[in-house]
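Beneath this line is the structure, given in structure tokens, with notes to follow.
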Protein chains: 2
Amino acid sequence: MRLSTKGRYAVTAMLDLALNGQDGPVTLADISENQGISLSYLEQLFAALRAKKLVRGVRGPGGGYFLGREADEISIANIICAVDEWVEFTRCQGKQDCRGGQRCLTHSLWDDLSRQIYDFLEEITLADLVERGRNSDAGCDRHKGDQLLDEMTGKAA
Amino acid sequence: MRLSTKGRYAVTAMLDLALNGQDGPVTLADISENQGISLSYLEQLFAALRAKKLVRGVRGPGGGYFLGREADEISIANIICAVDEWVEFTRCQGKQDCRGGQRCLTHSLWDDLSRQIYDFLEEITLADLVERGRNSDAGCDRHKGDQLLDEMTGKAA
DNA sequence: ATTATAACTTAGTAATTTACTAGGGAATTA
DNA sequence: TAATTCCCTAGTAAATTACTAAGTTATAAT
């Protein structure tokens, strides 16, 4: 089990697709600028996401990326697993002896926890996040950037 | 938000304390051998845990470490935070502009998720893990270490 | 057809984090 | 006094992260 900034990059990039992929594909160049992640690093992340069919690429001019499935069919666990490959279960696999059960016991307790976290993240989908964000008026502090923000998001001034 | 092998080390070490700290303190040397973590690395981890009052050290011969509070008063979030210092909230803090709301929106959605994970881990205590492990018969493959393990966990043979 | 676009691929690298080694000091017990 | 164990600092090898560079391939527009 692992959860790092790499996973965060992947999730926010996928959120970007979920939010902006309605009318046509989203280019990595766009995401790069939106999220402040280098283009080439994004390409690496998306290679992993593509391998797990979480995104679908379209080449050529006007191309870009779509979500590989509906947003409510993609869990956070799916995304994290794709880029962080957390198959880090410590079920003392033969090699490492159990040191009288003590090490093995704590490992097994950790595995239980790891499983709980996985199940938790498996239940949260991209669609959930977008939906909850919409409801709770989650946005940045609306102080001075209001006009600019409203212009871009299409709200009336 | 972050969750790495460092956090796992900290949690399993704390589990070690919870399991073996009933009758007297547990030495880092014991934990080192139990968990297969280098002594000096453990000292670094415990420096962080000590700073957050999650453990209490006793010096001198016969010394070692106790839990700083009762096992049901120590959450997994407490432990992870102590060693991984995940204060990694991306609430675009003035410096980084919002790029027309787009970056800020996904960041805020991530923060929501991060908060959800935190709340989840805040609800799980060391005592919970130990208890659930006992109930679900979580141990290693019960082949040869049975008697020894049963002795330690106090089960009848 | 040619050209521009944007996905794909590979190799290399700076920066950071992880996990450890080494060498001590300070408190406490025997 | 001596042994033990926590405590502290500095240095370092290994791994990971995040990026740069330099391409190739597929597709759409001209």
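Heavy atoms only: backbone and side chains are in, while hydrogens, waters and symmetry mates are out. Protein chains get the first letters and strands the later ones, always in sequence-line order, with residue 1 at the start of each.
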Answer with base, sugar-phosphate or nothing: what part of the nucleic acid does Ser40(A) contact at a heavy-atom distance below 4.0 Å?
base

Using whole Å, report how far CD of Gln44(A) lies from P of dA11(C).
12 Å

Any side-chain heavy atom of Ile31(B) within less than 4.5 Å of one from Leu17(B)?
yes

Polar pair under 3.5 Å, donor/acceptor by atom type, side chain Glu43(B), base dC6(D):
no

Taking atom types as modelled and ignoring hydrogens, do the side chains of Asp111(B) and Ser108(B) form a donor-acceptor contact shorter than 3.5 angstrom?
no

The nucleotide from dT4(D), dT5(D), dT27(D) with an atom nearest the side chain of Pro61(B) is dT4(D)

Quick check on dC7(D): is either OP1 or OP2 less than 4.0 Å from any side-chain nitrogen or oxygen of Tyr65(B)?
yes

Gap between atoms CG and P, on Leu49(B) and dC6(D) respectively (whole Å)
13 Å

Arg50(B) vs dC7(D): side-chain N/O to OP1/OP2 distance below 4.0 Å
yes

Which of Ile124(A), Asp128(A), Leu15(A) passes side chain to side chain contact (heavy atoms under 4.5 Å, CB included) with Leu113(B)? Answer is Ile124(A)

Please compare Gly7(A) and Val58(A) by the position of their nearest nucleotide in DNA chain D and report the one closer to 5'.
Gly7(A)

Measure from CZ on Arg59(A) to P on dA7(C) and round the result to the nearest Å.
10 Å

When all nucleic acid strands are considered with a 4.0 Å heavy-atom cut-off, which category describes Leu28(B): base, sugar-phosphate, or nothing?
sugar-phosphate

Find the distance Arg56(B):CZ to dT5(D):P and express it as a whole number of Å.
17 Å

Provide, to the nearest angstrom, the distance between the CZ atom belonging to Phe46(B) and the C1' atom belonging to dA19(C).
16 Å

Nucleotide dT20(D), atom P - distance to CD1 of Ile37(A) in whole Å
13 Å

N/O donor-acceptor pair, side chain Thr5(A) with base dA18(D), under 3.5 angstrom:
no

Of the nucleotides dT18(C), dA7(C), dT21(C), which one has an atom closest to the side chain of Asp84(B)?
dT18(C)

In terms of side-chain heavy atoms, does Asp30(B) have a donor or acceptor partner in Asn34(B) at a distance below 3.5 Å?
no

Grab the CD1-P distance between Ile31(B) and dC6(D) for me, whole Å please.
8 Å

Please state how far atom NZ in Lys6(B) lies from atom P in dC20(C), giving the value in whole angstrom units.
12 Å

Out of curiosity, does Val58(A) fall in the hydrophobic cluster containing Leu45(A) (side-chain heavy atoms, cut-off under 4.5 Å, transitive links)?
no

The side chain of Ser38(B) is closest to which nucleotide in this list: dC20(C), dT5(D), dA7(C)?
dC20(C)

